[in-house]
Structures are given as structure tokens and as C-alpha cells.
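Written out below as C-alpha cells is the structure these notes cover.
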2 protein chains.
Amino acid sequence: MCSASHRCWEGAITTNSGFVVKRRAVLERGTTLFQQGERFTAVHVVASGCLKLRETNEDGGERIVAVRLPGELVGMEAWARGRYPYTAEAAAPTKVCQLQWPHAKGCAPSTALLERLLRKTAVQLEHSTRVWMSLPAIERVAAFLDHFAQHARPSVDLPITRAEIGSLLGLAEETVVRAIARLRAQQRLDMQGRRIARVVRERREPGAQGR
Amino acid sequence: MCSASHRCWEGAITTNSGFVVKRRAVLERGTTLFQQGERFTAVHVVASGCLKLRETNEDGGERIVAVRLPGELVGMEAWARGRYPYTAEAAAPTKVCQLQWPHAKGCAPSTALLERLLRKTAVQLEHSTRVWMSLPAIERVAAFLDHFAQHARPSVDLPITRAEIGSLLGLAEETVVRAIARLRAQQRLDMQGRRIARVVRERREPGAQGR
DNA sequence: CGCCCATTTGACACCTGTCAAGCCTAGTGG
DNA sequence: CCACTAGGCTTGACAGGTGTCAAATGGGCG
């Protein structure tokens, strides 16, 4: 029974809900939870810290697919395909919960587990449709920083570089830097180095070029 | 028992697998399966045709969130939130299967159903991470047209306007038009009006501006 | 025919990627 | 303690991609 279960499952989890946390792991910064291409073994939930999901393209190029913050699922995508499509690396000291997988031998699939998983996956699916595609660079950066500031537990400094933010958002490193500078100039962002104090999302600028 | 179940669930579905299709509906072009903001009632699977998922922003702006082709889930995102986050409209004559929802009265949740749903949702989640973000406009258009041509069953003309493609890809309508023109000039696309005959994805151009 | 809408094309501005250079901090070794 | 290095961060110059505005073309339908 996880003492922080309310954070992950937003609701009381009864001990006989079918939920089993097989293992809780602590990852040092820089260590990987699994590598891209590895066989699927389990789904994890981030308990604290931050994971960055890195994908190596067939051309050898790398890109950050996503960052996962406390409460978010990691590795669900690998279930259908059998292999993890990305590498999960701890961007900061991170705790993860490995969920008992229904098909483990001698363990009948639990309806409650499946429902919870399905619900959580649906949430992530919805979130992934809320893409900031077609927003100008400055708004994408603001949205990302805001999201990070809202969900990082415990409140930590940004554990990734500007270049990685750019990779994540589909922007060049320099564009991220300039967007941050402009947000600060507009009083929309209070941030020094990697420490975020305050972010204001989407204050509309008249005449701004949409996309 | 759906005669085309192999398409939706990629594998034989036994009659007692726990899968129940509650209702099969035929939607004329322009009719909606559900409206944004409506209470969640069920998850559907597209059997044939094409749905376009439209979202009205708080600013009143509309954007196409996605198109759903045969075999894809519709409405899963609404389960967790309770309301549909987008309007699902038939872009072409469309058949959908409404899945029996586990929590319907008197119907115990079926493990098999949940597993299938979860697997399918995971596939969609993975697909949504494969965003063509940071690709130049021409490649995004090529990828979309290729995806549509591959998955449309039966093979139909593109049921959406260039402006809608642009909205979906985060591009301006004119950019989509010009991308199509350039793809045709490069012999990568055989398409007249809305009829796609052939698409070639990602032929690399040296010196192309990445993003 | 006349209207409406989708599609296309052109001109232009600006956002953003690329290249280059410099600054800053942390870490290392002398 | 200080020189040195490496990597992250910042800034500038420039070009190309893309959004915006405007207008023309074409097709469907009353």
C-alpha cells in the first residue's frame, strides 16, 4: 500500500483493490529504467522526481519524446508492441513504482487493476491530444514550464537542458533560450537558471502570429 | 460477433471473449456521433468511413484534433473526465460499433474487454507520441496523406478540406496546398483533387531545414 | 447565370533554424 | 589556489520556411 497512492490514483485505494506494487525503485540521476528496444516487462508509475523519455531515430538522431512527472505512467506504450519504444532515464533522483502485471504467472488479471490502468492511460491519451502544436514558440515554452511547475513533486529545479526542452517541443535550443528571455521581459516568467518561481500561461499578445 | 473483427482487434475474437457490441450505427456525412461537452456514454470503434474530431477552443477557435479511421477507438479520452473533449463528426458515411461498457447495470466488467481496450488505447497512445512535430511542413503533409491512404477502408477520397488538414497538422491552409504542390512536383505524390493514388513518405532532401 | 465554397497562387513580413561566437559555472588536475 | 576544460547558456547575424493578406480560379448547385 503506497502512502502516496492518492497522488497516483486520485482516490482511496483499498488494500484489496487488486493493486499490487511489485517493486519500488530509486533511480539516481542519469540511470535508466529501461532502454529503447528492450523487451516489455512492466508498467511503472513515477512517484517522485522526473523521467525523460528519449528516442533514437533510425537516422541516429535523438529526440526527447516526453518527460514524466509524479503520477504519470511510463512504459504503457510498450505493452502492445512488446518492446519499449524509448529509453527512460532519470533526469533527477527519481522513485518509481513497478506495477504487478496481470499476466505474471499465477496471477489472474485483476479487473480493478485493469480499470485503473485504463483510466490512467485514457488521461494520458487525452493529454497527448492537447498538443501545443500550432502555438508560437514562446507559448509552447510557457505551457511546458507551467506544466512542469504545476506537476513537479517535490518542487525541483528543471532537470533538463534548454536543448532538451527544444527537442521536446520541436524547437531549436536558441529559440527556447530566446522564448524564455522574452517571457521574462514580458513579466510572464520568474526564473533564474533552472529554478522556476512563477509562470503565466497564454497572455494573448495582439498581432501575434498564430500558426 | 462482428464480421470485420479481425480488423479492429487483430486476432480471432471468440464469441465468449466478453466482447459485446451494443449497437452498430451508421452515420451520414456531417452527422455527429457526440458533441464536445456531452456526458460520456460509451467508447466506439470505427468500422468503416472516417470521423473527424473537432475541438472548440475557449477562445471560440476551432481545430481538428484528429481523424479516426477504421479500427481506431473514439471517445476513450472521455472516460476519465466524464465528458467528451471533442465533437466527433462523420467526414464520410461512417459505421461505428458502440462497445458495451463494463459499468452498464447488470454487466460485470469483463477482463477480456478491459484488456483489449487497454491494449488498443496503448497503441493509440504510442501513435500519439510519434508526432511529426519538428518535421517541415511538406513531411508532415506527406506523413498524414500516407497514413490516411494506408488506413482508409474502404479506399475513399480524402473527406476533409485542406484547411482542416492544416488545422490538424498545425499548418496554414496555404502551406498545405503548397506542400501538396511540391510533393507532386517531386514525384512523391499522385493525387488529383481529393483522390490519392500514391504517396512516398520521407524521401530525404539534402540541405532541408530540420526543426 | 449567380452564388458559395474549396482550392490555388502571389506578395510580403516575421518567426524560427542555422551558424558562429562569447560567457558562465562546475569540475578536474597541477 | 589557479589554470584549464567541458558543457550549458546566451547573443548576434543571416537565410529560409511559414503565416498572413489579397485575389484569382474552379466546381457544385439553386
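Numbered from 1 within each chain, the chains take letters A, B, ... in sequence-line order. The shown structure was predicted, so the numbers you read here are calculated from the model rather than taken from an experiment.
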Checklist entry - Atom CZ of Arg194(B) and atom CD1 of Ile160(B): how far apart are they, to the nearest 0.5 Å? => result 8.0 Å
Next on the checklist: Nearest to the side chain of Glu174(B), heavy atoms from C-beta on, is which of dG10(C), dA6(C), dG8(D)?
Outcome noted: dG10(C)
Checklist entry - Atom CD1 of Ile138(A) to atom P of dT16(C): distance rounded to whole Å? => result 9 Å
Item to check | Interatomic distance, Arg184(B) CZ vs dT7(C) C1' [rounded to whole Å] | outcome: 12 Å
Checklist entry - Roughly, in whole Å, what's the span from CG in Leu169(B) to P in dT18(D)? => result 12 Å
Checklist entry - Are the side chain of Arg153(A) and the backbone N or O of Pro70(A) linked by a donor-acceptor pair below 3.5 Å? => result no
Item to check | Side-chain N or O of Thr175(A) closer than 4.0 Å to phosphate OP1/OP2 of dG17(C) | outcome: yes
Checklist entry - Starting at CG of Leu135(B) and ending at P of dG17(D), how long is that distance when rounded to a whole Å? => result 15 Å
Checklist entry - Which is true for Arg194(B) with a 4.0 Å heavy-atom rule: it touches a base, it touches only sugar-phosphate, or it touches nothing? => result sugar-phosphate
Next on the checklist: With a sphere of 6.0 Å drawn around CZ of Arg29(B), does it hold more than 12 non-hydrogen atoms of other residues, nucleotides or ligands?
Outcome noted: no
Next on the checklist: Just the rounded figure in Å: distance from P of dG27(D) to CG of Asp157(B).
Outcome noted: 16 Å
Checklist entry - Just how far, in rounded Å, is P of dT8(C) from CZ of Arg182(B)? => result 15 Å
Next on the checklist: When you measure from the side-chain N and O atoms of Arg162(A) to the phosphate of dG8(D), is any distance below 4.0 Å, counting only OP1 and OP2?
Outcome noted: no
Item to check | Which nucleotide in dT20(D), dT7(C), dT16(C) has an atom nearest any side-chain atom of Ala172(B) | outcome: dT20(D)
Checklist entry - Salt bridge or not for Arg130(B) and Glu55(A), using N-O below 4.0 Å? => result yes
Checklist entry - To the nearest Å, how far apart are Glu173(A) CD and dT18(C) P? => result 12 Å
Item to check | Presence of donor-acceptor pair under 3.5 Å, side chain of Arg178(B) and base of dG10(C) | outcome: yes
Item to check | Flag for Tyr86(B)-Glu77(B): side-chain donor and acceptor within less than 3.5 Å | outcome: yes
Checklist entry - What integer distance in Å separates Met133(B):CE from dG17(D):P? => result 21 Å
